[in-house]
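One structure below.
Note that these values count all heavy atoms, side chains included, but never hydrogens, waters or copies made by symmetry. Below, chains carry the letters A, B, ... as their sequence lines are ordered, and counting in each starts from 1. These figures come from a predicted structure and were not determined experimentally.
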Amino acid sequence: MAQKPSIPKGTRDFSPVEVAKRDYIFTTIKSVFQTFGFQSIETPSFENSETLMGKYGEEGDRLIFKILNSGDYLSKADENLLASKDSQKLTSVISEKALRYDLTVPFARYVVQHQNEIEFPFKRYQIQPVWRADRPQKGRFREFYQCDADVVGSDSLWQEVDFVQLYDTVFTKLGLNGVTVKMNNRKILSGIAEIIDASDKLIDFTVALDKLDKIGKEGVTKEMLEKGISEEAIEKVAPLFDFTGTNQEKLNQLANMLASSVEGTKGVEELRFIIDTIETIGLQSANLTLDVTLARGLNYYTGAIFEVAAPEGVKMGSIGGGGRYDDLTGIFGLKDMSGVGISFGLDRIYLVLEELGLFEEVAQPRPDILFINFGNEEALYATKAIAKLRAEGIKSELYPSDAKMKKQMMYANKRNIPFVVLVGSKEIEEGTYTLKNMSTGEQLVYKLNELLQVVINS
RNA sequence: GUGGUUGUAGUUCAGUUGGUUAGAACGCCUGAUUGUGGUUCAGGAGGUCGCCGGUUCGAAUCCGGUCUUCCACCCCA
């Protein structure tokens, strides 16, 4: 026997049923994006390496899939470089393209490249696969879909408010109630780092703080000490480790703590506006909470930070995230273009919906009606009816060969086709169709227009 | 990238201290039934035990490597 075929690590095949369920999520998200006024764009699955490299930090660069140059790519490489076996330097010589790592950076590139055709503020959504050379894990794949919505060209906080509502609307529509939209603000984190005199260690500080719910107070303290943050400084921020209360209480505490920091105070004000507004408007099913420990790795965020957690009791990493970036397009040469965006992790949302059994309503991908094939003459007669049914939007098909009846019936049964039509010489003579209901076994004879009505009404 | 884990029929899994021809259930194919599916009955096909190498008289079983699965860390959706 031939060697068993396989697919690469971290990739998946999707069966018809799985595709139907994924489509349901895509369609839901898409329709909400559209009702919020976003338009769809698409970008290539691979970009020039320089567009992507260095945008996601050192860790990110490692996880970008590089594409080998075509042709005899090694012949152009320098002898010494080849001998040095320096993978990093060699990569830049033999690979000039790389697979898309997320949708945000290609979007920034798009905005800069098409700035003269775009009407700002530009609201776009994008649903496409991305690739990361990560080690697969639960809810973690090497190829997965992101569903992004971003607005560039407006620094209004109303955009943030809009995005919180967008999250709420999508998850409510999906029947996934009780998700938590966590919010923070990069300026608050900067402010905290400032008052403890550790601005130079902002990233280390936030990364450590981000792990609070995972490794606890002591773990965070230990990691901060290891990163060279002084004990004195850690003591100052200690209140954050036991940060509880309502959003308003947290805001007030933060305002006090950050009173001496201009930037920190600004962050608190921004967050207060968003939280106050959302509290006034109200949400359908999601909760909005202020989470000072929320950091997110991407360092291009400058204002609001979002992350969406699955409802309590579901073990899953974040199912969405985003934030504001004041200078994302700056790296491509377009200054002063503030943007804010969010992302849905389709594959994880799928897993959560599956776990909670929320997929029941998704229609099975199957025809409504199968015509049994008794031979060419009968098939021709059936085909006329099939054309009529299809014109009415009824999914109909003829069994492709005049195989044994049992086999044809079995096919209908296996595919869960609700109706089967039998046409033999008797039916042709009378101009009728025998319709069999597969679930009840009931069998009735109809004229064509009666058949249409019966099937439409079922 | 670090540590652990997994792999036997299409699928889910058994397989004893290393010992005849590697099993079960479900699924698949054929027939009982040439115009009737699900149920039943009878029969049948299907395996390089992930792959490569080693130890041994003998390996699904022990050892090494490699790939894969899942998990934790790192990081992230």
| Excluding sequence neighbours, so at least two apart, what forms ring pair (Phe, Tyr, Trp, His ring centres under 6.0 Å) with A:F46? | none
| message | Could you check whether the side chain of A:R135 and the base of B:C76 have a donor-acceptor pair of N or O atoms closer than 3.5 Å, going by distance alone? | response | no
| task | Provide the distance between the two P atoms, one in B:C73 and one in B:U12, to the nearest whole Å. | result | 27 Å
| said: Without decimals, in angstroms, what is the distance between A:L370 CG and B:G38 P? | reply: 15 Å
| Separation of atom CD1 in A:I349 from atom P in B:A77, rounded to whole Å | 13 Å
| query | Which value, in whole Å, describes the distance between the C1' atoms of nucleotides B:G18 and B:G58? | reply | 8 Å
| remark: So side-chain hydrogen bond (donor to acceptor under 3.5 Å, both in side chains) across residues 339-348 of chain A, not counting sequence neighbours, yields A:R12-A:D347, A:R22-A:D347, A:D148-A:S343
| query | Within 45 degrees of the axis of the six-membered ring of A:F38 and under 6.0 Å from its centre: does A:K123 put its NZ or CZ there? | reply | yes
| message | Can you work out whether A:Q146 or A:G10 has the more 5'-proximal nearest nucleotide on RNA chain B? | response | A:G10
| message | Test of understanding: with ring pair (Phe, Tyr, Trp, His ring centres under 6.0 Å), list the residues that count as partners of A:F36, not counting sequence neighbours. | response | none
| If you measure from the Lys or Arg side-chain nitrogens to the Asp or Glu carboxylate oxygens, is any gap between A:K447 and A:E450 under 4.0 Å? | no
| C1' gap between B:U55 and B:G64, integer Å | 11 Å
| field | Euclidean distance, atom CD1 of residue A:I215 to atom P of B:C75 [Å, nearest integer] | value | 9 Å
| field | Test ring pair (Phe, Tyr, Trp, His ring centres under 6.0 Å) applied to A:Y145 - qualifying residues, sequence neighbours left out | value | A:F26
| request: Compute whether any side-chain donor of one residue and acceptor of the other, for A:R135 and A:Q137, lie under 3.5 angstrom apart. | output: no
| said: For a quick check of understanding: with a heavy-atom distance under 4.0 Å over all strands, which category does A:G139 fall into, base, sugar-phosphate or nothing? | reply: base
| message | Measuring only the C1' atom in each nucleotide, how far is B:A9 from B:A24? A whole number of Å is fine. | response | 11 Å
| task | Only counting residues at least two apart or in another chain, list the ones meeting ring pair (Phe, Tyr, Trp, His ring centres under 6.0 Å) with A:F65. | result | none
| said: What's the gap between B:C76 and B:C52 when it is taken at their C1' atoms, as a whole Å value? | reply: 35 Å
| Once each nucleotide of nucleotides 25-36 of chain B is scored for protein heavy atoms under 4.0 Å, what B/S/- sequence comes out, 5' to 3'? | ---S--SB--BB
| request: Respond yes when some side-chain nitrogen or oxygen of A:Q137 is under 4.0 Å from OP1 or OP2 of B:A72, and no when none is. | output: yes
| field | Dot-bracket line, read 5' to 3' along RNA chain B, where crossing pairs take [ ] and | marks a partner on another strand, Watson-Crick or G-U under 3.5 Å | value | ((((..(..((((.....[...)))).(((((.......))))).....(((((..]....))))))..))))....
| Is there any ring pair (Phe, Tyr, Trp, His ring centres under 6.0 Å) pair reaching into residues 439-458 of chain A, and which pairs are they, with sequence neighbours excluded? | none
| task | Rounded off to whole Å, could you give me the CD-to-C1' distance for the A:E307 and B:C75 pair? | result | 12 Å
| field | Rounded distance in Å - CD1 (A:I319) to C1' (B:C76) | value | 15 Å
| said: Rounding to an integer number of Å, can you tell me how far A:R62 CZ sits from B:G1 P? | reply: 7 Å
| said: Stacking between B:A77 and A:F144, yes or no? Criterion: centroid separation under 5.5 angstrom, plane angle under 30 degrees. | reply: yes
| query | Which pairs pass salt bridge (Lys or Arg N to Asp or Glu O under 4.0 Å) with one or both residues in residues 319-331 of chain A, sequence neighbours excluded? | reply | A:E160-A:R324
| task | Can you tell me the distance, in whole Å, between the CZ atom of A:R142 and the P atom of B:C67? | result | 11 Å
| If you check the A:R348 side chain, which of B:U69, B:C76, B:A72 turns out closest? | B:C76
| request: Taking the side chain as every heavy atom from C-beta outward, state whether A:R100 and A:P129 have any atom pair closer than 4.5 Å. | output: yes
| field | Nearest-nucleotide 5' precedence on RNA chain B, A:E223 against A:S343 | value | A:E223
| Expressed in whole Å, how much space separates the C1' atoms belonging to B:U48 and B:G35? | 47 Å
| request: Quick one: label A:Y411 by what it contacts on the DNA or RNA (base, sugar-phosphate, nothing), any heavy atom closer than 4.0 Å. | output: nothing
| task | Calculate the interatomic distance between A:Y399 atom OH and B:G37 atom C1'; express it in whole Å. | result | 13 Å
| task | Using a heavy-atom cut-off of under 4.0 Å over every strand shown, decide if A:T104 touches base, sugar-phosphate, or nothing. | result | nothing
| Can a side chain N or O of A:K211 be found less than 4.0 Å away from OP1 or OP2 on B:C74? | yes
| How far, in whole Å, is B:U61 from B:U8 if one measures between their C1' atoms? | 11 Å
| query | Say you pick atom C1' in B:A45 and the same atom in B:C28; how far apart are they, in whole Å? | reply | 9 Å
